[in-house]
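Data block below; observations after.
The figures that follow rest on heavy atoms only: side chains count, while hydrogens, waters and symmetry mates do not. Here is the naming used below: chain letters follow the sequence lines, and residue numbers restart at 1 for every chain.
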Amino acid sequence: MVKEYDVREIEKKWIKKWADAKVFEASPDPEKKKFYLTVAFPYPSGSMHVGHGRTYTVPDVIARYKRMQGYNVLFPMAWHVTGSPVLGIAERIKKKDEKTLKIYGGLYKVPPETLANFTNPETIVKYFSNEYHENMVDMGYSIDWTREFLSITPQYSKYVEWQYAHLHEQNLIKMGEHPVRYCPSCNNPVGDHDLLQGDKAEVNDFTIIKFRMGDLILPAATLRAETIFGLTNMWVNPEVNYVKAKVDNETWVISKEAAEKLKYLNKKVEIIGEIKGSELIGKTCTDPLLKKEIPILPAVFVNPDYATGIVMSVPAHAPYDYIALKDLKSDLKPIVIIGEGRDAPAEKMIREMGISDQKDPKLEEATAQLYKEEHGKGHMSKWIKGYGGLAVRTAREKVAADLTGAGDADIFYEFSESPVVCRCGTRCYIKILKDQWFLEYGNTEWKEKTQECLKQMEIVPSELKQNFSYFIDWLQDWACTRRVGLGTRFPYDSKWLIEPLSDSTIYMAFYTISKHVKKIDAAKLTPEFYDYVLLGKGKSEELSKKSGVARAEIENIRAEFLYWYPLDWRLSAKDLVGNHLSFMLFHHTAVFPKDKWPKGIVVFGMGLLEGNKMSSSKGNVVLLSDAMRDNGSDAVRLFLMSNAEPWQDFDWRENLVKNTGRKLKQFYDQAYAASELKNDIPERDIDRWLISRIQEATERTNTALEAFQTRKAIQSAFFDLINDLMWYTRRCEPRTKTVKEFCDQWVRLMAPFTPCTCEELWEAMGHKDYISVAEYPISDPKKIDPIVDAKENMIKNLMEDIQHIMEISKIKPERIHMYLAPEWKRKAFALLRSCTPMKQIMSDPEMKPYGKEISQIMQKYRRDEIPELMLTLDEEYDTLKGAQKFLEKEFNAEIDLQKTPTKDPENKARFAIPQKPGIYIK
RNA sequence: GCGGGGGUGCCGGAGUGGUCAAACGGGCAGGGCUUAGGACCCUGUGGCGCAGGCCUACGCGAGUUCGAAACUCGUCCCCCGCACCA
């Protein structure tokens, strides 16, 4: 009797057994080759959903596969709890924010008494890291939990400090200025998720060009510094009250709003007077580059709350300016400075778009289009001294740099759209942080080293290697410190915390030693300690004396690191390519010698739910725990791994998951039944066929898994083989020996995907060991039998043909006659296949009588259409004879097999070719 | 704009020069099994065809080739990332 497939019961049983036997705890073993892989540790600020499920199942499948191949596999896990998002969550829970309470109390099912304590951010991350841990165990992951830690574990913090000491020593960390979105009320920089409004606003850096008007300076802000050559006038809004302000040592005329903004931009600003916009109109100022007199004209489109409130007018290249001048009936002539044409491009644009006045909304579009065109393709007009012929984008930078160098320009940061409002309701500014610490990813040498690291790595999928290279080049200095959040204090300036992405760059190395280090008092874990155990610097004897850690222990830790490192594979989601994954490469090259650099990265796609993007905040997720409760973890794993390749987006569809669960039950039932089968049938072709098929499937599965193609692997190891076994049982009475051999291999093939089910079957088959550490099947080429494969294909094709004919002719057959291809035809096909010239074929006396037919055949079949492997007449006959009963049953008709046609009323024998008998149905 | 990926049947998606009207999965339809079945099995699912065949298809246009879904060029469209944030 097949034992009932009680999924959850089986899973519980094996998960406990594994834990009790410590099957997945990995220790260095010099006898075995190591395999070390990690996956990006989770930031547990909420419950685990099926998207996370896929992220962590992929490495588990690979870990299990490699373990079964005989590798000593280390697959660790830890929790990334540093950072600020939970602070916001705690804050919102404190304020009893409805949406947040709904997500945490409802969607995540946090019990009310626990939720009440969620006002403390640390409680949140600890609660959810526990939940993650439980879920991961429940999913059957083969994680070595002895290495688990939190990113705020003191021993880990000491490790982070050690890393930063190294970076500092190498001058890769610098203090500098940095513009951030900033909330004056919270007194903190704000990220996207902290914003009520304006999360799409970018920070634009304007060049402010200082125009002089006596002692006063009119600072005009522009994104197109190169257009100073086409300047005809300035724009000032006559309806706005400007201020005179002492800015550092100069006196600027700017809008009130701009004066306020400048304070955040680290200018000393003191307002000393007011001046009406209208008072400025009609005056002139001097441009700093060409020293030309520039008239100041009125324009109402000038927004005092955008940059400085003083605008340069370049009518030839700015549609707004052109129209405004026209409206004023000014006689100022546009000056073309881009390209060699005479007519103003702005004018042309306005004409083509049919824009008539300053208020036309199409002006926006015209401006954007012209900007895009000129920025992308434009070159400065030849007549411009020093800049003529330069690409616009080059000229822009050069003008800005030249003016800044001479003290005639400055930088002004402004949002691309406004307003930007903090979650607390306060309007945000752009603030320049002065003592911000940076990781110098812009450093050329560091970049080169990182590129070198990338070059020797394997990236899956390989197309992404380019992407990585691009990101490494693109990365600039990264602000690596924060004022708020959980995390490690910055060792050189304790008012700062190390930013969460910056504290998790090389933690893969920490896993290798964490189980030892966790037991040591953090105070003893000095930089010297890590220097020794990770880099081999210093002497263990001295270190032991100084730190009080036993020398043997220190050596042991060192040995463990050396055994596991470098990291073989890093797995992570797509969205981390441009930051975390690139950082990982940067930091490895900075801290570790070349032979400890990571060897490979696998990048994952995202998850969809019933075709829509998963989103916790919108409640559009399925919790992993619910999915396991409803389907069992093996079915969840199988579905996640079979729905898409790791790097593709997968789509969680309830009905597909359910189907996968049923298919899995079928697998279980079939394999279980096999273990109880008892008969003594002699081996037949069909038995050799089934065994041959599983060898081929094994080959494909291995190839796919080596390339991380879980979907392809499951296609071969699961779906194809289910179908083969089904065909086999349809085709014949199952033979015990065959089916047992098949299932023994099959269950092992499936073990990385559905480990609990496979353990249960493995036990039922009488094995005493864990399948988790049993040998992974490799294909046995001796058992691959192309002839038997060809025979079985012939039968399948034959059945299809008969089926087809039945449908077309609408005959319900009583008798089916089959005519085999005669020997001469087989020979003719063989000769055609081997490219024998017609002349030579015809010279064969055996062929001669069939000249006409042979030339017909030649016309009809191309050489490579002819099967490579040709069965003999006898083989074909015997095969069909053997399948006769089966075919009779299938078609419920008598089969008349004719080796040489005797009764052929409709001359169907002529259709016969090798492996494709002629058919006549009555 | 910059960078990356992609357009195949009713759907998801295989397939990268011939054996492709297209794996596998799903949906739908018919049949079988059955007391019944949402379980399972079989068959069908571009068009035409009273015999295993023919025709038209793989975003669009052109080209290379004996032969293209696959290669080249052009073109249209879609998705993702662009930072100080996990």
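Nucleotides B/C20 and B/G12 place their P atoms 23 Å apart, quoted to the nearest Å. Remark: the separation of the C1' atoms in B/C73 and B/U64 is 11 Å, to the nearest Å. Taking atom P on both nucleotides, B/G6 is separated from B/G13 by 13 Å, rounded to a whole Å. Taking atom P on both B/C71 and B/G18, the two are 12 Å apart, rounded to the nearest angstrom. B/G15 and B/A68 are spaced 13 Å apart, taking the C1' atom of each and rounding to whole Å.
The shortest distance between the side-chain N/O atoms of A/Q648 and the OP1/OP2 oxygens of B/G12 is not below 4.0 Å.
Set against B/C41, B/U43, B/A86, the side chain of A/M726 has B/C41 as its closest nucleotide. For A/R711, the side-chain atoms get nearest to B/C24 when compared with the rest of B/G4, B/G49, B/C24. Set against B/A86, B/A23, B/G25, the side chain of A/Q715 has B/A23 as its closest nucleotide. Among B/C40, B/G27, B/G15, the nucleotide with an atom closest to any side-chain atom of A/K712 is B/G15. Comparing B/G81, B/A86, B/G4 by their closest approach to the side chain of A/Q466 singles out B/G4. In this structure, the nucleotide among B/G26, B/A51, B/A83 sitting nearest to the side chain of A/S809 is B/A51. For A/F911, the side-chain atoms get nearest to B/G52 when compared with the rest of B/C50, B/G52, B/G26.
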Watson-Crick and G-U pairing of RNA chain B written in dot-bracket, each distance under 3.5 angstrom, with | for inter-strand partners: ((((((((.[[[..)..(.....]]]((((((.......))))))(((....)))...[[[[[..)....]]]]])))))))....

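To the nearest angstrom, C1' of B/C54 lies 11 Å from CD1 of A/I808. Taking atom CG of residue A/D720 and atom P of nucleotide B/C24, one finds them 8 Å apart after rounding to whole Å. Rounded to an integer number of Å, the gap from A/I722 CD1 to B/G25 P is 9 Å. Between the CD1 atom of A/I173 and the C1' atom of B/C84 there is a distance of 15 Å, rounded to whole Å. Between the NE2 atom of A/H804 and the P atom of B/A21 there is a distance of 13 Å, rounded to whole Å. If you take CZ of A/F719 and P of B/C24, they are 11 Å apart, rounded to a whole angstrom.
Ring planes of A/F490 and A/W437: tilted class, angle from 30 to 60°.
Here A/F583 and A/Y441 bring their ring centres to under 6.0 angstrom of each other. The distance between the ring centers of A/F128 and A/Y104 falls below 6.0 angstrom.
Taking the ring-ring contact (aromatic ring centres under 6.0 Å, His included) definition, one finds that A/F41 meets it with A/H80, A/Y507, sequence neighbours left out.
Within 6.0 Å of CG in A/N892 there are 12 or fewer heavy atoms belonging to other residues, nucleotides or ligands.
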